[in-house]
Amino acid sequence: MYEVYGIIGDPVDHSLSPVMHNVAFREKNIKAVYGAFRVSSSDLAKAVEGIRALNIKGVSVTIPHKEKVMEYLEEIDEIAYEIGAVNTIVNENGVLKGYNTDWIGVLKAFKENGVEIQDKKVVIIGAGGASKAVVYALIKGGAEKIFVYNRTFEKAKFLEKKFGVIAKPWEELNSANGDIIIQTTSVGLKSWESPVEERVISRFKVAMDIVYLPLETKFLSLAKKHGKIIDGLQMLLYQGVEQFKLWTGIEPPVKLMEKAIYEKVKNLEKEILK
Ligand code: ATR
C-alpha cells in the first residue's frame, strides 16, 4: 500500500514540491506518492477534513492557506504559532499537527551557501506572508538589525510590533544600507522587474530572492555584479528537506532533491517565460 502526501494551495500547477518529494521517496524506498491539490480558500476546511478522511500522511501548505489553515488543525507547533503560519501538516494517527519549516529553510539556505547571519545588518523587502518566516529566521540566526521595507507601511509596522524589527517606509528604500538584502515580494515573479534599483543593491554583500521563476530574477542579476547571490530555490529546497524529516524521520537525499527542482524550474522557464 502506498501512502499519500501532497501540497494544498492555489495555484499549485507549477509547484516544485511533487518532484522534490517524489524523488526522495523513491530514492529512500519509501512506498509513498506526493501529489498537488488545488484548493480554493472557500474549500480549505473541507480539504483539511479530507486529509483526515483519506488518511493522507503529510501535507505541504502554500499560498494562500498558510495562516487560515491553523484554525482547522488540532495542534500547532510552538514555533509555527509564534511565526503565525503553517507550511507543513503531519498526520499523527488522525491528529493533524501544523509546523513551520520555512524559517529553517531560510537559515539553512544561508548556512549551506556559506553566509553568516550573526551580527549582520539585514534589509528585507516586503512584509507579506513569506516575510514572516524570513524575519523569524534572521532573529534566530542572531542578526544585529533587521529593517523591513514594505509598500503598505502598516504591514511593516505589524512586523515591528510582533518581532521587534525596524519598519521603514517604501519611499526610503533608495537609502537602504546593510550587509544582506532579501527580496520577499512577488515583484519579479514571471516578469523582468526589480523592486529596488541597482545602486541600492550594490551596497550589499549578499542578496537573496525568494522568487524562483525565473531562477535568476532581475533583482539577482543586478546583485550578482556586486556580491554573492542566493536564489529562491535554496529556501524551497531546505524547507522541503525539513518537511521530509518531519514526515518520515529519515534524512532525505538533499542533492537529488536539489537536482530535481533545478531541472524542473529550467523546464518551467522554457514553458512559461518564452
Ligand atoms: P506572500 O505570502 O508571497 O508574501 P503576500 O502576503 O500577498 O504574499 O505578500 C506579497 C508582498 O509583495 C507584500 O509585501 C506586497 O506589498 P503590500 O503589502 O504593499 O501589498 C508585496 N508586493 C506585491 N506587489 C508589489 C509591488 N508591485 N510593489 C511593491 N510591493 C509589492
Side-chain angles (χ1 to χ4, degrees), residues 1-77 79-81 85-105 108 129 133 212 233 235-265 267-268 271:
M1 256 265 292
Y2 272 71
E3 283 179 339
V4 177
Y5 292 80
I7 183 165
I8 57 171
D10 189 13
V12 288
D13 36 347
H14 297 138
S15 172
L16 302 176
S17 295
V19 68
M20 175 166 66
H21 287 297
N22 282 323
V23 81
F25 285 137
R26 219 172 303 134
E27 174 69 14
K28 291 289 161 185
N29 290 317
I30 296 170
K31 281 192 163 183
V33 61
Y34 183 110
F37 303 101
R38 182 176 175 192
V39 173
S40 67
S41 294
S42 57
D43 281 338
L44 182 59
K46 281 186 272 176
V48 176
E49 205 39 59
I51 297 171
R52 293 188 191 92
L54 300 175
N55 196 24
I56 292 173
K57 290 294 174 189
V59 172
S60 309
V61 183
T62 190
I63 292 168
H65 304 318
K66 287 184 185 184
E67 286 146 10
K68 186 79 177 162
V69 76
M70 296 171 81
E71 290 174 27
Y72 306 120
L73 306 176
E74 280 89 7
E75 288 178 33
I76 307 283
D77 163 75
I79 292 176
Y81 187 78
V86 158
N87 77 318
T88 311
I89 300 172
V90 181
N91 185 345
E92 293 165 359
N93 303 314
V95 176
L96 301 187
K97 182 163 179 178
Y99 294 85
N100 188 303
T101 69
D102 282 334
W103 74 279
I104 308 175
K108 273 256 180 104
Y212 54 75
L233 285 188
M235 175 187 169
L236 179 88
L237 170 66
Y238 291 109
Q239 64 78 34
V241 165
E242 290 306 309
Q243 291 187 323
F244 193 91
K245 285 195 236 172
L246 281 173
W247 291 330
T248 65
I250 292 171
E251 283 292 332
V254 181
K255 286 291 157 205
L256 267 184
M257 292 163 85
E258 187 171 33
K259 189 165 166 273
I261 56 174
Y262 278 84
E263 272 171 13
K264 177 82 185 172
V265 94
N267 289 332
L268 282 179
E271 194 183 308

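These values consider heavy atoms only, across backbone and side chains, with no hydrogens, waters or symmetry-generated copies.
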For the pair Glu3 (side chain) and Ala32 (backbone), establish whether a donor and an acceptor sit closer than 3.5 Å, ignoring hydrogens and angles.
no
Derivation of the salt bridge (charged side-chain N to carboxylate O under 4.0 Å, His left out) call for Lys57 and Glu92:
CA-CA 8 Å; Lys57 290 294 174 189; Glu92 293 165 359; over 6 Å; no
To the nearest 0.5 angstrom, please state how far the CD1 atom of Ile7 sits from the NE2 atom of His65.
10.0 Å
Please walk me through it: do Val19 and Lys264 pass side chain to side chain contact (heavy atoms under 4.5 Å, CB included)?
CA-CA 8 Å; Val19 68; Lys264 177 82 185 172; 4.0 Å; yes
On a heavy-atom basis, which atom in Ala80 and which in Met70 lie closest, and how many Å separate them?
O-CE, 3.8 Å
Quick check: does any side chain N or O of Asn22 sit under 3.5 Å from a backbone N or O of Pro18, one acting as donor and the other as acceptor?
yes
Interatomic spacing from CG in Leu268 to NE2 in His14 - rounded to 0.5 Å
6.0 Å
Locate the shortest heavy-atom distance separating Val69 from Lys66; write the atom from each residue and the value.
CG1-O, 3.8 Å
Heavy-atom donor-acceptor pair, Asp102 side chain to Ala133 backbone, under 3.5 Å:
no
Are Thr62 and Ile8 close enough, and set up right, to give a side chain to side chain contact (heavy atoms under 4.5 Å, CB included), and what steps lead you there?
CA-CA 6 Å; Thr62 190; Ile8 57 171; over 6 Å; no
Intermediate values then yes/no, side chain to side chain contact (heavy atoms under 4.5 Å, CB included), Tyr99 and Val90:
CA-CA 8 Å; Tyr99 294 85; Val90 181; 3.5 Å; yes
Looking at residues at least two apart in the chain, or sitting in another chain, which of them share a salt bridge (charged side-chain N to carboxylate O under 4.0 Å, His left out) with Glu71?
Lys68
Can you tell if the side chain of Tyr262 reaches within under 4.5 Å of the side chain of Leu233, non-hydrogen atoms only?
yes
So, Glu49 and Arg52, do they make that salt bridge, N to O below 4.0 Å?
yes
Okay, side chain of Asn91, backbone of Gly94: is any donor-acceptor separation there less than 3.5 Å?
yes
Ser40 and Asp10: which non-hydrogen atoms are nearest, and at how many Å?
CA-OD2, 3.8 Å
Measure across Val4 and Ile56 and return the closest heavy-atom pair with its distance rounded to 0.1 Å.
O-CG2, 3.3 Å
Lys28 versus Pro252: any side-chain heavy-atom pair under 4.5 Å?
no
Taking only residues two or more places apart in sequence or in another chain, which ones pass side-chain hydrogen bond (donor to acceptor under 3.5 Å, both in side chains) with Tyr81?
none
Counting C-beta onward and ignoring hydrogens, is there a side-chain heavy-atom pair between Trp103 and Ile79 closer than 4.5 Å?
yes
How close do Ile104 and Asn100 get, counting heavy atoms only, and between which atoms?
CD1-O, 4.5 Å
Looking at OG of Ser17 and CE of Met257, how far apart are the two atoms once the value is rounded to the nearest 0.5 Å?
9.0 Å
Do other residues, nucleotides or ligands put more than 12 heavy atoms under 6.0 Å from Leu54 CG?
yes
In the structure I gave you, are the side-chain heavy atoms of Glu75 and Val95 within less than 4.5 Å of one another anywhere?
yes
What distance separates Lys46 NZ from Ile51 CD1, expressed to the nearest 0.5 Å?
14.5 Å
For Met20 and Leu236 the tightest heavy-atom approach is CE-O, 3.7 Å
After noting the C-alpha distance and the side-chain angles of Leu44 and Tyr72, does the key distance pass the side chain to side chain contact (heavy atoms under 4.5 Å, CB included) rule?
CA-CA 9 Å; Leu44 182 59; Tyr72 306 120; 3.8 Å; yes
Side-chain atoms of residues 241-250: list all donor-acceptor pairs with protein atoms under 3.5 Å, sequence neighbours left out, distances to 0.1 Å.
| unit_1 | atom_1 | unit_2 | atom_2 | d |
| --- | --- | --- | --- | --- |
| Glu242 | OE2 | Lys108 | NZ | 3.4 |
| Glu242 | OE2 | Lys245 | NZ | 3.1 |
| Gln243 | OE1 | His21 | NE2 | 3.1 |
| Gln243 | OE1 | Ser60 | OG | 3.1 |
| Gln243 | NE2 | Ser60 | OG | 3.3 |
| Gln243 | NE2 | Asn87 | O | 3.0 |
| Gln243 | NE2 | Thr88 | OG1 | 3.1 |
| Gln243 | NE2 | Gln239 | OE1 | 3.4 |
| Trp247 | NE1 | Ile89 | O | 3.1 |
| Thr248 | OG1 | Phe244 | O | 2.8 |
| Thr248 | OG1 | Ile250 | N | 3.0 |

Leu73 versus Lys97: any side-chain heavy-atom pair under 4.5 Å?
no
Please examine the side chains of Tyr212 and Ile261, heavy atoms only from C-beta on, and report whether any two atoms are closer than 4.5 Å.
no
